Chemist: 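I have a structure here, written as C-alpha cells, and I will follow up with some questions on it.
Hydrogens, waters and symmetry mates play no part in the numbers below; they use all other heavy atoms, side chains included. As the structure is a prediction and not an experimental result, all values here were calculated from the model. Positions are given from 1, in the same order as the sequence printed here.
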Amino acid sequence: MKDLAVKSDWKTLPEPRFAYGLNIFFNPKEIDLAFDDVAAGAPAAVRVPEGVVAMTLSQACALERYEPLVRAAIAADDGREAKIAAWHRAHAGNGLLIVVPAGLACAEPVRVDLELADRRRVENVVIVAEEGSRVTVVEHLRSAAGAAAAFRSAVTDVIARPGAAVTHISLQDFAESVTDLSAKRGIAGRDAVITWIECVFGGGFAQSRIATALAEEGASVRAKSLFFGRGAQRFDLSQEVRHLASRTSSDLRTRGALMDSSKSIYRGLVRVEKGTRGCSGNQREDVLLLGGKAEADSLPNLEIGTDDVRCGHAASVGRIDGEKLFYLMSRGLDGTAARKFLIEGFFAPVVEDMRDAGLEDMVQCLIGERVDHAVAR
C-alpha cells in the first residue's frame with residue numbers, strides 16, 4: 001500500500017463538517033469517523049468474463065502500461081471534504097484495475113463482492129473501457145448484521161474511451177455501525193455512454209458523490225440513485241455532470257424513502273461550459289417521507305454557460321399520495337396493502353434496471369423488508 005500512497009498533511013487539516021441547513025446535519029462526533037492508520041485488508045472477490053483484464057493496483061503499477069493511469073487516479077481530487085480526501089490518498093493502494101479491451105462486448109457482468117471486515121478500509125477501483133467496448137460492472141457491498149463499528153472510504157473511476165458503453169451498478173447494504181464515504185468519477189470520450197445505478201441501504205452515515213465529465217462530442221451519462229433510510233440513518237448524496245463538449249447529454253434521477261427519524265440531503269449540479277452547443281441535461285429527485293421525524297432536503301442546480309442548451313431540474317419531497325391511496329382502497333385493497341403497493345411501485349423504475357445484473361430480487365427484498373416495517377406502524 002505504501003508505495004501507492006500520496007504524502008499528505010491530513011492530520012493537520014480541520015475536521016469535516018456535514019451541515020447543510022434546514023435542520024439537515026451530521027455530527028462527526030456521533031459517527032465512527034476516526035482517521036486512524038489503515039492496514040491492508042482482504043481484497044474484494046472479483047469475477048470477470050472472458051477477455052476482461054483484472055488485477056490489483058500493486059500489480060498494475062508494476063506494468064509500465066498502467067502505472068501512470070493508476071497513480072493519476074489515486075492522486076486526483078475526489079471532490080470530498082479536504083481531510084477525507086487527503087486521508088484517503090495517504091492510505092491508498094488497496095484496490096483493483098479492470099480493463100475491457102477495445103471492441104469487446106461483455107455478455108456477463110464483472111462482479112466485485114466485498115464483505116466488510118476491516119475496522120478501517122481505503123480502496124480504489126479503476127475501470128477502463130477501451131474504444132468500442134461494452135461492459136457492466138457490479139459492486140455488491142455488505143457487512144454482517146451487528147458488525148463492529150467501521151469506517152470505509154472508496155473511490156471508483158470509470159474511463160470510457162470513444163464509443164464505449166459502461167454501466168456501473170453499486171448495491172450498498174452495510175450494517176448501520178458502518179460509516180461509508182464513497183466517490184465515483186467518470187470521464188466519457190466521443191460518443192461514449194456511462195450509466196450509474198446506485199442503491200444505498202446501509203451505513204449509519206453514508207455519503208456518496210457521483211461526478212461525470214463529458215469530455216468529447218456525443219458523450220452521455222445516465223445516473224439513477226435509490227436510497228431507503230430507517231432508524232437514525234443519515235444519507236448525503238450528490239450528483240454532478242460537467243458538459244465540456246458540444247452535443248453531450250445527461251439525465252440524473254434519484255428516488256428515496258425515509259422512515260423513523262432518518263434524514264437525507266441531495267445536491268445535484270448540471271454544468272454546461274461556455275462555447276458548447278446542443279447540450280441537454282436534466283435532473284430530478286423524489287423522496288417519500290414515511291416517518292413523522294424523517295427529513296429530506298433537495299438542492300438541484302444548473303450552471304449554464306451557453307444559450308444553445310436544453311436543461312431542467314425538479315424535486316419533490318412528500319408523503320404517500322392520498323388520492324392514489326384512496327383509489328387503490330376503493331378497488332379492494334386494505335390500507336396496508338395499498339401503501340405497500342405504492343411504495344414498491346415508487347422504486348420500480350430503478351429496480352427494473354437491476355434485472356440484467358441479477359440483483360433485482362435482492363433489491364426488492366431489501367425494499368420489501370423496510371416497506372413491511374413502514375406500513376405496519
Chemist: Does Ala337 offer a backbone N or O that forms a donor-acceptor pair with the side chain of Asp334 under 3.5 Å?
Modeler: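 Checking the backbone N and O of Ala337 against the side chain of Asp334, a donor-acceptor pair under 3.5 Å is found.
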Chemist: Taking side-chain hydrogen bond (donor to acceptor under 3.5 Å, both in side chains) as the criterion, tell me which of Lys184, Gln239, Gln172 meets it with Glu198.
Modeler: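 Running side-chain hydrogen bond (donor to acceptor under 3.5 Å, both in side chains) over Lys184, Gln239, Gln172 with Glu198 returns exactly one hit, Lys184.
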Chemist: Are side-chain N/O atoms of Thr195 and His168 paired as donor and acceptor at under 3.5 Å?
Modeler: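 Thr195 vs His168: no donor-acceptor pair found between side chains.
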Chemist: Quick check on Arg134: does its CZ atom have over 12 non-hydrogen neighbours (other residues, nucleotides or ligands) under 6.0 Å away?
Modeler: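 Atom CZ in Arg134 is not crowded, with 12 or fewer foreign heavy atoms closer than 6.0 Å.
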Chemist: Between Tyr66 and Gln59, is any side-chain donor less than 3.5 angstrom from a side-chain acceptor?
Modeler: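 Tyr66 vs Gln59: no donor-acceptor pair found between side chains.
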Chemist: Has Glu108 got more than 12 heavy atoms of other residues, nucleotides or ligands less than 6.0 Å from its CD?
Modeler: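 Incorrect, the count does not exceed 12.
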Chemist: Of all the heavy-atom pairs spanning Cys311 and Ser280, show the shortest one and how long it is.
Modeler: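 That would be SG-C, 4.4 Å.
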Chemist: Glu67 side chain to Glu64 main-chain N or O, any donor-acceptor pair under 3.5 Å?
Modeler: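 No, because the side chain of Glu67 does not come within donor-acceptor range (under 3.5 Å) of the backbone of Glu64.
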Chemist: May I ask you to decide if Gly278's main-chain N or O and Arg310's side chain share a donor-acceptor pair within less than 3.5 Å?
Modeler: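 No, the answer is negative, given that no donor and acceptor are paired below the 3.5 Å cut-off.
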Chemist: Under 4.5 Å between any side-chain heavy atoms of Ser208 and Asp236, yes or no?
Modeler: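 In short, these two side chains do not touch, never coming nearer than 4.5 Å.
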Chemist: Where the side chain of Ser238 meets the backbone of Gly268, is there a donor-acceptor pair that is under 3.5 Å apart?
Modeler: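 Absent.
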Chemist: For Ser153 and Arg80, which I'm curious about, is there any donor-acceptor pair between the side chains at under 3.5 Å?
Modeler: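 Arg80 and Ser153 do have a side-chain donor-acceptor pair below 3.5 Å.
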Chemist: Are any side-chain N or O atoms of Arg277 and backbone N or O atoms of Val309, one a donor and one an acceptor, separated by less than 3.5 Å?
Modeler: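 No; zero donor-acceptor contacts below 3.5 Å.
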Chemist: Closest heavy-atom contact between Ser250 and Val241?
Modeler: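 Minimum heavy-atom separation between Ser250 and Val241: CB-CG1, 3.8 Å.
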Chemist: Taking all atoms of both residues into account, what is the closest heavy-atom pair of Leu97 and Leu57, and its distance?
Modeler: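 Heavy atoms of Leu97 and Leu57 come nearest at N-CD2, 3.8 Å.
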Chemist: Other residues, nucleotides and ligands only: do more than 12 of their heavy atoms fall within 6.0 Å of CZ on Arg142?
Modeler: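 Enclosed.
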Chemist: Are a donor atom and an acceptor atom from the side chains of Thr212 and Trp196 found within less than 3.5 Å of each other?
Modeler: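 Result is yes, a qualifying pair exists.
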Chemist: Evaluate the criterion side-chain contact (heavy atoms from CB on, under 4.5 Å) for residue pair Arg161 and Val128; output intermediate values, then yes/no.
Modeler: CA-CA 8 Å; Arg161 306 295 192 196; Val128 181; 4.0 Å; yes
Chemist: Under the 3.5 angstrom rule, does the side chain of Arg234 hit a backbone N or O of Ala232 as a donor-acceptor pair?
Modeler: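 Side chain of Arg234 to backbone of Ala232: a pair is present.
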Chemist: If I compare all heavy atoms of Ala149 with all of Arg119, which pair ends up nearest, and what's the gap?
Modeler: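 Shortest heavy-atom contact: O-CG, 4.0 Å.
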Chemist: Where the side chain of Gln233 meets the backbone of Gly203, is there a donor-acceptor pair that is under 3.5 Å apart?
Modeler: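 Judged by distance alone, yes, a pair lies under 3.5 Å.
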Chemist: Between the main-chain N or O of Arg255 and the side-chain N or O of Lys224, is there a donor-acceptor pair closer than 3.5 Å?
Modeler: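 Side chain of Lys224 to backbone of Arg255: no pair is present.
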Chemist: Which pair of heavy atoms, one from Arg89 and one from Asp77, lies closest together, and at what distance?
Modeler: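 Between these two residues, the closest heavy atoms are NH1-CA, 4.1 Å.
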Chemist: Where the side chain of Asp260 meets the backbone of Ser262, is there a donor-acceptor pair that is under 3.5 Å apart?
Modeler: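 Absent.
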Chemist: Checking side-chain contact (heavy atoms from CB on, under 4.5 Å) between Ile159 and each of Ile127, Ile194, Leu69, which is the one that passes?
Modeler: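 Only one option passes, and that is Leu69.
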Chemist: Which word best sums up how the rings of Phe235 and Phe227 line up, parallel for under 30°, tilted for 30 to 60°, or perpendicular for over 60°?
Modeler: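 Ring orientation of Phe235 relative to Phe227: perpendicular.
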Chemist: Closer than 3.5 angstrom, by distance alone: can the side chain of Glu216 be matched with the main-chain N or O of Arg190 as a donor-acceptor pair?
Modeler: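 Flag set: sc Glu216 to bb Arg190 pair under 3.5 Å.
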Chemist: Are Asn124 and His88 close enough that a side-chain donor and a side-chain acceptor fall under 3.5 Å?
Modeler: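 A pair is found: one side chain offers a donor N or O, the other an acceptor, under 3.5 Å apart.
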